[in-house]
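Atom set for the values below is all heavy atoms of this structure, side chains included, hydrogens, waters and symmetry mates excluded. Naming convention: chains lettered A, B, ... in sequence-line order (proteins, then strands); numbering from 1 in each chain. For clarity, every value in this text was computed on a predicted model and none was experimentally measured.
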Amino acid sequence: MERYDPQAVEARWQKVWADEKAFETPNPADPAADDSPRAYVLEMLPYPSGDLHMGHVTNYTMGDVVSHFRRRTGHKVLHPMGYDSFGLPAENAAIKTGGKPAEVTARNIARIREQMLRMGWSIDWSRELSTSDPEYYKWTQWIFLRMFERGLAYKRGAAVKWCPQDQTVLANEQVVDGHCERCGTEVEARDLEQWFFRITDYADRLLDDMEKLEQWPERVLTMQRNWIGRSHGAEVQFSVVGGDEAIPVFTTRPDTLFGATFFVLAPEHPMINDLVRGTAAEAEVTDYVRRRGAESVADRMRDDRPKTGVDTGRRVLNPVTNEEIPIWVSDYVLVEYGTGAIMAVPAHDERDHTFALAFGLPIRQVVAATDGADVDVQAQAFTGTGDDAVLVNSGQFDGMTVADAKNAVPAWLAEDGRGEQKTAYRLRDWLVSRQRYWGAPIPIIDCPSCGLVPVPDADLPVRLPEIEDYAPKGRSPLAAAEEWRAVPCPSCGAAAQRETDTMDTFVDSSWYYLRYVNAHDDMEAFAKGDVDWWLPVGQYIGGVEHAILHLLYSRFFTKVLFDAGYLGFEEPFANLFTQGMIYKDGAKMSKSKGNVVAPDEIVNRYGADALRMYVLFMGPPEQDKEWSDSGVLGPSRFLDRLWKAVDRIAAETSGDPLPVAPSGAEGSALDLLRLTHHSIQRVTEDIDRRLQFNTAIAAAMELLNGIEKQRDALLGDPIGGQALRHAAGTLVCLVQPFAPHIAEELWEALGGSRLWETPWPVADPALLIADTFECVVQINGKLRERVQLGCGLPKDEVLAAVKALPKIAEQLEGRELVKEIVVPDKLVNIVVK
RNA sequence: GCCGGGGUGGCGGAACUGGUAGACGCACCGGACUCAAAAUCCGGCGUUGGCAACAACGUGCGGGUUCGAGCCCCGCCCCCGGCACCA
């Protein structure tokens, strides 16, 4: 056979797979379906920027290894691919170059698809989809309407985050430290009418169902938990002195209610104007509110800012002490959390304490430590809540522990409506409307008499109109398409206007995993029987950067669709694997830093198989990794050596591509058979149970090293030759998920065909057992000697054999024996004095 | 501050259930082949001492449990990620 030429080999097999539709998978209704177990292996779909990057290569190669493995262990595998193709980059590129977003997107998809094909991933291309395709977004709109019907999509005026660069509003999840997640511009606060999804209705289920996600990484669950931010506490009513109204507060410390010595409203609290109108403090309060409002979002988030505030002169009644306490306004209270108002307990809350000191407000201790700790609440807030923290100065609750009082106080308040147990969340409703062009139009019509009316399902999709100017102007570019906008109201027929905002692209990607199942069905988004057959996704793989946004939204969508009866499951992804990022020179690869290594260049030089192996071999898949230009040489050399070794063995032995292990092997032939079967076991475990691809590849490398070491000695011998052929065939089988092209070629050289659907090798238990082992001999826990002993030897015989060793005998000479430990077939430790 | 993850040779990493620390690979050093170089093949490669056999030390730091600790426990330090004036 010729020299290993990755380019030729890879092109050849990619064509075979395409011609034979090797990786297309039937749905249950298809006659080709049978009752073999199924596996849905999915990687997060890419944004088609045009260039495949190393993160994509790692992500999709991991999924591909799992797919191949499942296929060869008897599963029907669904392994699809698509493009998250709506979004700002294509739109911005179109604005810059004068083209159309749809054209830019089509070009980018064509380019990235070509690069993907060169990687040789075993994808069912017949299910390929693009979220910007009307065939797809028709159903995104359909889901929006289901949300609308259920009251889960609604429009309201609210203080929202606005990105002045991208000229659109953002979801809370898309604001990172006060800056736009996408472009890094500092966001502004604006009051706008916007569309929201009521994800907060699902906060409890999103949290509680995480218990079912046993196979999700802890760090992702933690991030979601933090994001949802559930706190149990109480809502307590404080009535305004000299008025009829009561102002509710949320507190997680109802046990400290007797210590509430003042009251604080957020500057945006809706009742402020009424409270101060006509009072002496009106001017000062209004001025304070205006100044806070002018501050940037990022400034308000700075954590070192001093406390500011102003006294309204008005008072509320502490509902348990009946004391009148002053109402202050301060921006340390956030309008969007809880009720936008707090009761301040300076003795037991650090923030309230700081505020009390700054403005000379009274501090009253209501919790004491019983462990003798010195507590001076005038100097410092005491925030202890343990079993040794008990209530004082709290009427009938004196002496009760904090934990008990947290329940007892709200229960007592509830008796006469002064308060009740309550749960608060950090999570806010998901703002989904965007004032940009390249997204799915929101399928709603605004009628002067009927209000917001859904577009009838039969009229979907609401297609994006062709427009001239995509440039953002602070309102949706769709507003300029007046002919498109003007429609009769579906309900009353009067002249009405279409909604002109488009949907956040995260809406598109919140359900794509369902669409793959019936990717080109134009009668429905997906068929319940089919999605229930394939989902939940058996293995989902993607970047940890989507831990909150995409994964939380997708879980929300799945629950909504489940509630509406379209799905038979509540969690979309049974197993989640988050891969680490690839760095170069200590930094994330990026064009601006000029440290991007293009996968294409590596493929041209070393082949896709070498690149596939290297990205997995670099380190544990979930960890961040550092790209090394010379590192790829390891796998590349391995494939070269593999080629030569298998080529020679194929030429000089005969039989099946993977003959049975010859019986009667001994010596180095037997050693090789054992190594082979240990390798099967290691690679199988590493792929199947541990998703630990780096060690699977290391095991394959060790097998090749073993084959090379024995090759010349065994080739002349009939049993040895068969052992070699068995080892070589096995190695090709084990390498196939990682390097599928060369594996097919070598399998063919061994006389086989279609390795991708050849059953995965199974380790022979008899060959996993050795008859001797290297016994480690320790004295006082220190390694002193090693000796080959027979397996299964009784303890006393092992000890006798070990003590007979000259070196050990010498060291035991004249010392008192304290203890002897024998770990069967492993080690001996002799403890002496 | 709270929550989660991590810290092992020159480098990436391995050690899965407490049992030989450093698998596999990169880099480097020496040798073979070559006029020479590249490629390839063979050998070496934690630190210190020693010609060597070998010995001592060694998994962020300090303690503990154990016959035995990279792994378990207690107390710290540092790095990464999430949340954070969230009442």
Side-chain angles (χ1 to χ4, degrees), chain A residues 176-177 217-231 233 249-254 256 260 264 266 300-307 330-334 336-345 348-352 354-355 383 424-427 544-545 547-548 578 580-581 613-614 617-620 622-635 637-638 640-641 644 682 685-686 689-690 692 694-702 704-705 708 774-786 807 818-823 826-832:
Chain A
V176 178
D177 292 331
E218 202 49 47
R219 58 174 167 170
V220 173
L221 296 175
T222 300
M223 284 188 224
Q224 297 213 351
R225 238 176 248 124
N226 286 342
W227 191 260
I228 297 169
R230 176 163 66 189
S231 304
V249 301
F250 174 76
T251 176
T252 55
R253 295 294 307 273
T256 62
V264 191
R300 274 194 72 162
M301 287 175 66
R302 272 176 40 221
D303 51 5
D304 54 342
R305 60 209 310 266
K307 294 255 188 305
S330 171
D331 65 359
Y332 86 91
V333 175
L334 309 174
E336 64 268 26
Y337 184 74
T339 64
I342 62 153
M343 65 175 208
V345 184
H348 306 290
D349 181 282
E350 278 163 22
R351 297 152 299 180
D352 298 345
T354 311
F355 194 83
T383 55
Y425 305 88
R426 211 196 72 96
L427 181 71
V544 72
E545 65 274 17
I548 297 173
T578 49
M581 291 210 278
M613 287 194 92
Y614 180 55
F617 185 61
M618 276 200 289
E622 72 283 2
Q623 261 174 44
D624 289 341
K625 289 161 284 252
E626 172 79 22
W627 175 272
S628 144
D629 285 328
S630 58
V632 69
L633 288 173
R637 286 174 188 150
F638 167 77
D640 256 322
R641 285 164 49 214
K644 286 183 202 150
R682 284 175 63 191
E685 285 253 298
D686 283 348
R689 184 172 60 85
R690 305 207 303 159
Q692 195 68 18
N694 53 332
T695 49
I697 291 170
M701 287 173 166
E702 283 179 63
L704 178 60
N705 291 347
E708 286 186 331
E774 188 182 57
C775 181
V776 171
V777 187
Q778 299 178 332
I779 293 177
N780 291 342
K782 278 196 193 303
L783 175 71
R784 286 298 176 230
E785 187 63 295
R786 305 159 209 249
K807 197 172 158 189
V818 178
K819 200 167 185 178
E820 294 165 329
I821 286 107
V822 179
V823 181
K826 197 138 215 171
L827 109 176
V828 171
N829 187 11
I830 301 170
V831 185
V832 292

Mind calculating the distance between CE (A/M618) and P (B/rC26) to the nearest angstrom?
15 Å
Integer-rounded Å distance: B/rC11 P and A/N694 CG:
18 Å
Partner of B/rG49 under the Watson-Crick or G-U wobble criteria, both distances under 3.5 Å, comes out as B/rC54
Out of B/rG19, B/rA15, B/rC85, which has the shortest distance to the side chain of A/D331?
B/rC85
Would you please confirm or rule out a distance under 4.0 Å between OP1 or OP2 of B/rA87 and any side-chain N or O of A/Y332?
no
Check: A/G580 main-chain N/O paired with A/D624 side-chain donor or acceptor under 3.5 Å
no
With a 4.0 Å cut-off on heavy atoms, is A/Q623 in touch with a base, just the backbone sugar-phosphate, or nothing at all?
sugar-phosphate
Using whole Å, report how far CG of A/L783 lies from P of B/rG58.
15 Å
Check the phosphate of B/rA27 against A/S628, side-chain N and O only, distance under 4.0 Å to OP1 or OP2. Yes or no?
no
Name the nucleic acid region contacted by A/E350, choosing base, sugar-phosphate or nothing; use a 4.0 angstrom heavy-atom cut-off, strictly under.
nothing
Please classify the nucleic acid contact of A/K782 as base, sugar-phosphate, or nothing, using heavy-atom distances under 4.0 Å.
sugar-phosphate
Remember a base hit wins even if backbone is also touched, and classify A/T354 as base, sugar-phosphate or nothing at under 4.0 Å, heavy atoms.
nothing
Is the distance from OP1 or OP2 of B/rA27 to the nearest side-chain N or O of A/R637 less than 4.0 Å?
yes
When we call it a touch if two heavy atoms are under 4.0 Å apart, what does A/R225 touch: a base, just sugar-phosphate, or nothing?
nothing
To the nearest Å, give me how far apart CD (A/E820) and C1' (B/rG19) are.
17 Å
Sticking with atom P, work out how far B/rC72 lies from B/rG5, rounded to a whole angstrom.
12 Å
Heavy atoms only, 4.0 Å cut-off, all strands: where does A/R682 land among base, sugar-phosphate and nothing?
nothing
Side chains of A/N226 and A/R426 only: does a donor on one sit below 3.5 Å from an acceptor on the other?
no
Nucleotide N/O to protein N/O under 3.5 Å, stretch nucleotides 80-83 of chain B:
unit_1, atom_1, unit_2, atom_2, d
B/rG82, N2, A/N226, ND2, 3.2
B/rG82, N3, A/N226, ND2, 3.0
B/rC83, O3', A/R426, NH1, 2.8

So what does A/L633 hit on the nucleic acid, given a heavy-atom distance under 4.0 Å: a base, only sugar-phosphate, or nothing?
sugar-phosphate
For atom CZ of A/R689 and atom P of B/rC16, their distance in whole Å:
10 Å
At under 4.0 Å between heavy atoms, how does the protein contact nucleotides 44-50 of chain B? Give one character per nucleotide, 5' to 3', with B, S or -.
-------
Stacked cation flag A/K307 on A/Y332, 6.0 angstrom / 45 deg
yes
Under 4.0 Å, counting only non-hydrogen atoms across every strand here, what does A/N705 touch: a base, just sugar-phosphate, or nothing?
sugar-phosphate
A/E218 CD to B/rC2 P, in whole Å, measures 18 Å
Which part of the nucleic acid does A/V831 contact within heavy-atom distance under 4.0 Å: base, sugar-phosphate only, or nothing?
sugar-phosphate
Name all residues meeting the side-chain hydrogen bond (donor to acceptor under 3.5 Å, both in side chains) criterion together with A/T339; count only those two or more places apart in sequence or in a different chain, and write none if there are none.
none
Determine the contact category for A/P620: base if any of its heavy atoms lies under 4.0 Å from a base atom, sugar-phosphate if only primed atoms, P, OP1 or OP2 are that close, otherwise nothing.
sugar-phosphate
Can you tell which of A/Y614, A/F638, A/F617 makes a side-chain contact (heavy atoms from CB on, under 4.5 Å) with A/I697?
A/F617
Which part of the nucleic acid, if any, lies within contact of A/R230, taking any heavy atom under 4.0 Å across all strands shown: a base, the sugar-phosphate backbone alone, or nothing?
nothing
Please report the distance, rounded to the nearest Å, between CD1 in A/I342 and C1' in B/rC85.
9 Å
Could you check whether A/V333 gets within reach of a base, just the sugar-phosphate, or nothing at all, counting any heavy atom under 4.0 Å?
base
Mind checking if A/D352 touches a base, just sugar-phosphate, or nothing, with heavy atoms under 4.0 Å?
nothing
